[in-house]
There are 2 protein chains.
Amino acid sequence: MTRTTAVFRTARDTSRWGLDAMKLDAVDIRQAASAADIVYEALRKAIIEGALAEGENLRQDQIAQMFNTSRIPVREALSRLEQHGLITTQRYKGAVVAGLSIEEIEEIFEFRALLEAEVIRLAVPNMDRRTLELARRHCDEFGKESDSAKWGETNRNFHYSLYEAARRPYYLQIVRASLDRIDRYLRAQLTLTDGMKRAAREHEAILEACTKGDAELASSLTRDHILDAGRSLVAFLREQRG
Amino acid sequence: MTRTTAVFRTARDTSRWGLDAMKLDAVDIRQAASAADIVYEALRKAIIEGALAEGENLRQDQIAQMFNTSRIPVREALSRLEQHGLITTQRYKGAVVAGLSIEEIEEIFEFRALLEAEVIRLAVPNMDRRTLELARRHCDEFGKESDSAKWGETNRNFHYSLYEAARRPYYLQIVRASLDRIDRYLRAQLTLTDGMKRAAREHEAILEACTKGDAELASSLTRDHILDAGRSLVAFLREQRG
DNA sequence: CATAGAAAGATTGGATCCAATATACAATCT
DNA sequence: AGATTGTATATTGGATCCAATCTTTCTATG
């Protein structure tokens with residue numbers, strides 16, 4: 001391992017040798033993921049996609065064995081998940097996948113509507129041809145996917161490709177976190193209703209407004225898109241939960 | 001320590017004995033803070049109040065010794081601080097108190113204006129007499145305090161006492177996190193300018209609008225209050241940083 | 001038989017130890 | 001001298017061990 005480091009250290013200064021010719025990417029080796037990063041990302045993905053049911057118990061030892069590591073990185077991953085509201089923990093009792101009440105879900109949708117409507121309003125003036133083309137490609141993906149996991153991914157890609165143009169990293173971080181919290185419920189509902197077709201239509205309309213440069217229209221469409229999704233999800237859950 | 005635990009364990013089941021008569025508060029002993037909680041809160045407070053300068057190095061070992069504990073709880077505390085954006089860490093290099101660029105500060109103020117204006121709009125219809133009286137008391141505190149740490153605390157108390165009425169825990173969590181990030185800069189500026197007097201006047205106006213039940217006015221006053229503070233802070237920082 | 005209380009097992013929180021990496025500095029070569 | 005390489009030290013990441021607590025099971029007793 002010491003050898004490996006030495007190799008990279010030498011490789012990093014490309015001023016001499018013929019290294020330039022090798023066209024190595026300027027990857028910063030130090031950003032390599034830690035064990036905690038890997039565990040965190042895996043658990044986050046599992047929770048978001050609904051692979052881990054809400055209320056499910058997360059035992060440190062068990063997770064550690066899954067990832068062939070000790071409990072220390074697992075604890076750090078769990079700590080991060082708790083900060084993001086994806087799990088809840090009790091001292092000496094452990095962690096469970098967080099479940100959301102219908103009221104909490106309603107609040108998050110209301111919040112997202114406010115935030116994302118503003119983000120896209122700020123984004124529209126900055127959208128260049130590349131952004132719109134990228135969003136167009138994501139938008140076209142919707143027709144093809146029926147798997148809810150992939151659909152959810154495409155949904156994120158579409159919205160974020162537009163939101164990026166707002167150049168508001170802090171807003172986007174919050175948007176991401178709030179979507180993380182309700183994505184499972186959204187995906188579960190989309191597969192069981194005609195929500196996907198409806199969402200696809202609304203995405204088309206949003207993209208069109210962006211292409212025309214109509215920030216206000218894009219904003220209000222986004223707002224309605226989110227509120228509609230929230231309403232039908234809540235209706236679905238009330239049915240399901242009784 | 002074992003003795004102490006035994007005492008608590010016995011005290012917890014109040015079914016027997018004459019404990020009911022003692023009118024003990026129903027404090028859940030299990031919520032007692034862990035070492036990580038204590039370290040986290042202390043560091044968070046220090047960063048928010050500006051006691052720890054931005055860029056300052058946070059050594060795990062050093063902090064552990066300060067709190068008479070091992071590095072494990074310290075690591076967890078640092079992890080939480082990083083999730084909240086109060087510090088930045090690099091693998092094998094450690095943690096430093098996060099600094100914000102002027103652009104980032106502007107973005108956070110813009111974000112807060114959007115969010116808090118909405119929160120207070122939602123809150124006004126729910127404000128009862130107790131809420132308004134509490135806010136009034138906090139508002140009256142402003143005249144007395146000139147210490148920036150206490151002023152900052154009073155400022156939070158005032159705003160949150162109104163925001164609570166919105167009954168939107170998720171919104172409030174985000175509001176709190178975004179204020180945490182810029183509080184240091186705000187406090188530093190307030191002590192050096194006449195910002196405190198101005199803020200006090202604006203607080204009076206906001207409280208008055210709430211008392212009258214004018215949600216739209218309270219919302220727009222809050223929005224302006226935050227944007228004004230942001231603008232003068234940014235001007236101050238541009239001066240200071242050159 | 002039901003239930004309070006105690007013992008046993010499981011699980012988390014924290015301490016200590018080892019490994020991996022970074023930084024600072026001395027040694028060496030041109 | 002200046003650059004480069006090796007080494008020593010400091011610091012973080014991860015593994016293992018112990019203590020504190022929760023949960024379950026068992027037992028005694030009414």
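All chains are named by letter (A, B, ...) in the order of the sequence lines, taking the proteins before the strands, and each is independently numbered beginning at 1.
Following rounding to the nearest Å, B/I38 (CD1) and C/dG13 (P) show an atom-to-atom distance of 14 Å. D/dC22 atom C1' lies 10 Å from atom OH of A/Y92, rounded to whole Å. Regarding A/Q90, its CD atom lies at a distance of 16 Å from the P atom of C/dT11, rounded to whole Å. Computed from coordinates, the A/D37 CG to D/dG13 P distance equals 10 Å when rounded to whole Å.
Residues that satisfy the side chain to side chain contact (heavy atoms under 4.5 Å, CB included) test with B/D128, not counting sequence neighbours, are B/R130, B/T131. Remark: A/S178 pairs with A/I108, A/F111, A/R112, B/Y170 by the side chain to side chain contact (heavy atoms under 4.5 Å, CB included) rule, at least two apart or across chains. Qualifying salt bridge (charged side-chain N to carboxylate O under 4.0 Å, His left out) partners for B/E107, counting only residues two or more places apart in sequence or in other chains: none. Scored by the side chain to side chain contact (heavy atoms under 4.5 Å, CB included) test, B/R167 finds B/N126 as partners (sequence neighbours excluded). Legend: residues meeting side chain to side chain contact (heavy atoms under 4.5 Å, CB included) with A/A135, ordered by chain and number and at least two apart, are A/F158, A/S161, A/L162, A/L207.
Dashed line: the shortest gap from a side-chain N or O of B/K93 to OP1 or OP2 of D/dT12 is not under 4.0 Å.
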Got a list of side-chain donor-acceptor pairs under 3.5 Å for residues 234-242 of chain B, not counting sequence neighbours?
| from | atom 1 | to | atom 2 | distance (Å) |
| --- | --- | --- | --- | --- |
| B/R238 | NH2 | B/E106 | OE2 | 3.4 |
| B/R241 | NH1 | B/L100 | O | 3.1 |
| B/R241 | NH2 | B/L100 | O | 3.2 |

Scan the side chains in residues 56-63 of chain B for donor-acceptor partners under 3.5 Å anywhere in the protein, sequence neighbours excluded, and list what turns up.
| from | atom 1 | to | atom 2 | distance (Å) |
| --- | --- | --- | --- | --- |
| B/Q60 | OE1 | B/R71 | NE | 3.1 |
| B/Q60 | OE1 | B/R71 | NH2 | 3.1 |

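Taking every heavy atom of residues 53-64 of chain A and every atom of DNA chain C, pairs under 4.0 Å involve A/L58, A/R59, A/Q60, by number. Only B/R71, B/I72, B/R75, listed by number, bring a heavy atom of residues 68-77 of chain B to less than 4.0 angstrom from any atom of DNA chain D.
In this structure a side-chain-to-backbone donor-acceptor pair under 3.5 Å is present from B/D37 to B/S34.
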